[in-house]
Amino acid sequence: MDPESSDTHPGAEPDSAMGVDVDHLFRHHSGRMVASLVRALGWQHIELVEEAVQESFLAALRTWPYRGVPDQPSAWLTRVARNRALDQLRRSSTWQRKRDQLERDPGAPADGVPIPGAAEIPLDPSFAGEVVDDTLSMILACCHPQLSRDQQVALTLKTVGGFVVDEIARAFLSQPSTIAQRIVRAKNKLKKLDEPLSIPPPAELDGRLDVALEVVYLMFNEGYDSTTGDDLVRQDLCAEALRLVRLLAEHPRTSKPATHALAALLHFQASRFSQRTDARGDLLLLEHQDRSAWDPTLLSRAYQHLRRSASGKTLSSYHLQAEIASLHATAPSFADTNWTRIHETYLQLEQLEPSPVVKVNRLIAQAMAGHAESALRELGEPELSKRLSDYYPLHVARGKLLHESGDVAGARQSYERALELAGNKAVQDYLSQLLRDVKAS
């Protein structure tokens, strides 16, 4: 099929079973296409590149239903995007300077890569066909130290993750206009710097890698416990976070102990996807999950990354969180979990990374380890309550401990406050049930 011939044929019937989900393909391939073209053209042409990539997918939507999916869809898309960019450059004064570079370096990925189903989490750790250096360079560019943390996160999701502005806004409870402005400001800063797209030298790499790991961590967490919408788990966010952390973990320049610790943590968490909700979409707590249904492949990879994370001398917060996740994974049941060890690990985490959210989790483990009274007392401390007044898990934890202590009125008040704050439907349904249980007691 000629990738430039994108017109449909009058009277032709579309093929409803194309075999490729173009939206899914965009999510997982647009980032590397953008990265390859930005490397060739520079940040000054980022908008032109993004437009060319979007047009290549629109061409696929117009063409593939009628003419069939090409044998090498990712290469087809890359060729179309490259040619669209060339067409635009012909109209500009930079045409002669950029044309030869683009034609020498089209950035086409290797062909024949299987396209997973829309709901799949890509699991192949070899990254066959990935333009790894380009994608990695783009991640680290989006995490430039001159960008704010909010700009880094938004730009990474948009440019590398293939997320649209509305999706990013929903994920992080912001207005689309705010996210759009954030992305524009980040792009303008990178244009002004006009640095080539490449992996930074060692002196700059560690700082940017720390930010990249945090971006991936935030991305996964939002997908794992979606703050809004009907679905508790946003698999698109989680899938992209897994893809990026694997890329970072397997590349020799970014294969650091902290990277593997984060990879271990995310794989442990992802192994429970099928048990996060029941068949009706209702929330399943850890104590009610069928551990035999946790994904053995993801668990195996989690342990592999955990072993590789032990090679360094520096202990990161990801190491400690991965250890906690591993203790849950190795426990034969919820009742037989080593809560004392988990509590001790949370104490280490709280010392390393003081945070009121970490403290809440530590106190939940403290209660599970047999010290509910002291945990409830600390959960009610004025300073903690003030700092986390809008954090619904704090009110859930207090409600459960108050209910167990016999304070039904206090439990009901805590659950009602949690319900006011929760924005996800599955969580709201769960909290409504807790309120009914309290009122019935």
Side-chain angles (χ1 to χ4, degrees), residues 1-41 45-92 95 98-99 102-103 105-120 122 129-131 134-135 138 157-170 176 180 183 187 235-236 239-240 243:
M1 184 192 301
D2 177 7
E4 292 307 298
S5 178
S6 60
D7 293 335
T8 59
H9 297 280
E13 291 295 327
D15 180 3
S16 60
M18 287 198 305
V20 171
D21 185 321
V22 176
D23 288 339
H24 185 72
L25 195 63
F26 181 84
R27 179 79 77 204
H28 293 287
H29 291 267
S30 63
R32 71 186 191 185
M33 292 165 63
V34 169
S36 293
L37 290 171
V38 167
R39 174 170 52 79
L41 298 177
H45 297 284
I46 177 64
E47 284 86 4
L48 180 151
V49 165
E50 290 179 327
E51 183 179 344
V53 169
Q54 289 173 356
E55 287 182 359
S56 73
F57 283 89
L58 290 174
L61 287 170
R62 289 194 300 266
T63 305
W64 293 359
Y66 295 89
R67 303 185 63 182
V69 179
D71 293 336
Q72 301 156 351
S74 59
W76 187 98
L77 289 162
T78 302
R79 285 195 297 271
V80 172
R82 180 199 63 187
N83 291 339
R84 292 289 192 272
L86 287 171
D87 288 341
Q88 290 295 319
L89 284 172
R90 286 190 183 99
R91 304 184 182 101
S92 73
W95 162 240
K98 294 296 185 182
R99 179 186 61 185
L102 255 184
E103 291 181 342
D105 181 19
D111 300 327
V113 184
I115 307 301
E120 274 186 69
E130 285 276 21
V131 186
D134 285 347
T135 308
M138 180 61 81
L157 287 171
K158 174 71 166 59
T159 306
V160 183
F163 290 86
V164 299
V165 168
D166 285 351
E167 289 178 308
I168 301 171
R170 284 197 303 270
I183 291 170
K187 287 179 181 177
Q235 289 208 13
D236 50 358
E240 185 60 17
R243 184 181 78 87

Item to check | NZ on K187 to OG1 on T159, rounded to 0.5 Å | outcome: 5.5 Å
Next on the checklist: Between S56 and V53 (side chain of the first, backbone of the second, donor and acceptor by atom type, cut-off under 3.5 Å), is there such a pair?
Outcome noted: yes
Item to check | R243 to V160 - nearest heavy-atom pair and separation | outcome: NH2-O, 3.6 Å
Checklist entry - If you round to the nearest 0.5 Å, how far is CD of E51 from CG of L58? => result 10.0 Å
Checklist entry - How far does CD of Q72 sit from CZ of R79, to the nearest 0.5 angstrom? => result 6.5 Å
Checklist entry - Going through the distances and angles, do L37 and T78 end up as a side chain to side chain contact (heavy atoms under 4.5 Å, CB included)? => result CA-CA 9 Å; L37 290 171; T78 302; over 6 Å; no
Checklist entry - Stepwise, does the side chain to side chain contact (heavy atoms under 4.5 Å, CB included) test hold for V49 with M33? => result CA-CA 9 Å; V49 165; M33 292 165 63; over 6 Å; no
Checklist outcome for this item: Tightest non-hydrogen contact, residues P65 and A60, listed as CD-O, 3.6 Å
Next on the checklist: Using every non-hydrogen atom in the two residues, find where A52 and A85 come nearest and quote the distance to one decimal.
Outcome noted: CB-N, 3.8 Å
Next on the checklist: Rounded to the nearest 0.5 Å, what separates atom CZ in R39 from atom CG in D134?
Outcome noted: 3.5 Å
Next on the checklist: The test is side chain to side chain contact (heavy atoms under 4.5 Å, CB included); show your working for Q88 and L41 and say whether it passes.
Outcome noted: CA-CA 12 Å; Q88 290 295 319; L41 298 177; over 6 Å; no
Checklist outcome for this item: Minimal heavy-atom distance between F57 and S30, with the atoms involved, is CE1-CB, 4.2 Å
Checklist outcome for this item: Rounding to 0.5 Å, atoms CZ (R32) and CE (M138) come to a distance of 14.0 Å
